[in-house]
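This report refers to the structure that appears directly beneath it.
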Amino acid sequence: MSKTIDIERRAIILAAGVAPLIAAAAHGATHDTGTTAIKIQRLAWAGVKLELDDTAIFIDARAPNADDDAPGPELASTASRRFAFVTHHHSDHCDPVALKPILGEHDYLVSNDEVARFFDNRIVNVQPARLHEPVFVSRSNGAFVARCVPASDGLGSPQVSWVLEGGGKRIIHCGDTLWHGGWWDIARAYGPFDLAFLPINGFHQIGDRYTDSGQVMSMTPEQAVSAARILQARLVVPIHYGAHRSAEYFEEPHPLDRFTRAATTAGLQSRAMKPGDIFTL
Ligand SMILES: [Zn+2]
């Protein structure tokens with residue numbers, strides 16, 4: 001079965017009614033992000049985990065997948081509070097079943113309100129957030145403040161990127177977005193970024209209902225470098241590459257080599273992390 005068919009099947013897990021949850025704080029609230037180091041782990045595919053104080057944030061986290069070149073670690077954290085953020089509902093970015101045992105009774109998944117409509121919140125608690133609305137996690141101690149910002153999905157689904165501040169650092173995670181014109185405003189509003197997680201595989205999806213368009217459906221390695229420069233990213237970790245799923249889903253050739261070469265040419269600092277790798281920021 002192709003991954004996209006699986007994605008579409010999951011997409012049909014439509015929310016029977018996402019309970020309205022109120023964002024933790026209003027616009028304009030100040031936030032003490034402190035200066036404690038953030039422990040960062042790359043998870044499978046586009047997934048990352050950020051840990052600061054007693055709070056863990058999983059972004060686009062899913063269970064290890066044998067279709068990936070590097071399946072990645074199991075989802076786990078010893079932090080007392082655990083939250084999930086997703087850029088969009090496709091199954092390679094959102095895995096509510098794998099997240100369910102990670103999230104405690106009072107923890108929840110945060111997504112843009114357009115994305116939240118695709119979830120069945122009987123599996124996990126879902127908090128919808130409007131674009132640019134500050135979301136504090138946890139609501140009480142606010143180790144992180146996050147805002148979702150515009151992105152552009154290659155298959156036409158609702159998708160956002162996440163901007164997160166914590167420990168005196170600012171991070172952006174861009175799911176599997178296309179290159180788009182929103183970079184300029186994102187950079188103006190939130191840049192520069194200490195770290196950007198950017199997709200690089202420039203995937204193509206054909207077959208089923210997808211005509212062979214000849215167009216990439218996520219950023220190419222070179223486009224990711226372009227976006228990083230606009231965002232004024234001080235460091236880029238490439239994500240969303242290294243899969244051989246089916247003849248219907250294929251990547252641009254040699255995405256990591258091309259990204260590394262383009263980043264070096266642009267004078268951009270990058271760090272290739274294998275799924276499971278950890279560093280502190
Ligand atoms: Zn994807």
Side-chain angles (χ1 to χ4, degrees), residues 1-13 42-49 58-72 75 84-99 109-112 114-116 118-119 148-162 172-180 182 196-210 213 215-221 223-224 227-228 236-253 255-256 258-259 272-275:
M1 184 195 310
S2 80
K3 195 67 186 175
T4 295
I5 293 172
D6 186 39
I7 288 168
E8 296 307 314
R9 186 163 295 153
R10 293 270 186 108
I12 295 170
I13 306 173
R42 187 173 169 216
L43 306 174
W45 194 235
V48 302
K49 179 175 70 177
F58 294 82
I59 309 171
D60 281 7
R62 66 160 167 73
N65 188 318
D67 290 339
D68 295 345
D69 289 354
L75 305 185
F85 285 70
V86 296
T87 58
H88 60 304
H89 70 282
H90 294 170
S91 65
D92 61 327
H93 296 259
C94 182
D95 188 345
V97 173
L99 291 170
L109 182 152
V110 185
S111 70
N112 174 244
E114 294 293 314
V115 178
F118 288 87
F119 293 111
C148 57
V149 297
S152 183
D153 185 84
L155 301 179
S157 299
Q159 179 174 163
V160 296
S161 296
W162 279 102
I172 187 168
H173 185 291
C174 294
D176 69 359
T177 186
L178 294 162
W179 199 98
H180 59 81
F197 294 101
L198 300 179
I200 64 165
N201 76 338
F203 76 88
H204 298 251
Q205 181 74 54
I206 62 174
D208 194 10
R209 64 188 174 89
Y210 299 108
S213 65
Q215 304 299 315
V216 295
M217 294 174 166
S218 63
M219 285 200 286
T220 66
Q223 288 175 331
V236 177
V237 171
I239 56 172
H240 203 271
Y241 64 93
H244 299 89
R245 292 174 182 159
S246 73
E248 297 180 342
Y249 182 104
F250 56 94
E251 305 181 336
E252 287 281 284
L256 183 57
R258 282 171 47 186
F259 171 78
M273 298 178 73
K274 295 187 182 70

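Atoms within a ligand are numbered from 1 in the order they appear, just like the ligands themselves.
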Problem - Approximate separation, where rounding is to 0.5 Å, of I206 CD1 and Y249 OH - result: 13.0 Å
Exercise for the section: Could you check H173 against I239 for side-chain contact (heavy atoms from CB on, under 4.5 Å), going step by step and ending with a plain yes or no? Expected result: CA-CA 9 Å; H173 185 291; I239 56 172; 3.6 Å; yes
Problem - Side-chain heavy atoms of D176 within contact of T87, under 4.5 Å - result: no
Exercise for the section: Look up atom NE2 in H93 and atom CG in D153, then write down how far apart they are to the nearest 0.5 Å. Expected result: 8.0 Å
Practice task
Measure the NE2-CG distance between H240 and L198 for me, rounded to the nearest 0.5 Å.
Solution key: 12.5 Å
Exercise for the section: Enumerate the protein N/O/S atoms at a distance below 2.8 Å from the Zn ion (ligand 1), ignoring waters. Expected result: D92 OD2, H93 NE2, D176 OD2, H240 NE2
Exercise for the section: Using the test side chain to side chain donor-acceptor pair (under 3.5 Å), find all partners of E252 that sit at least two apart in sequence or belong to another chain. Expected result: H204, R258
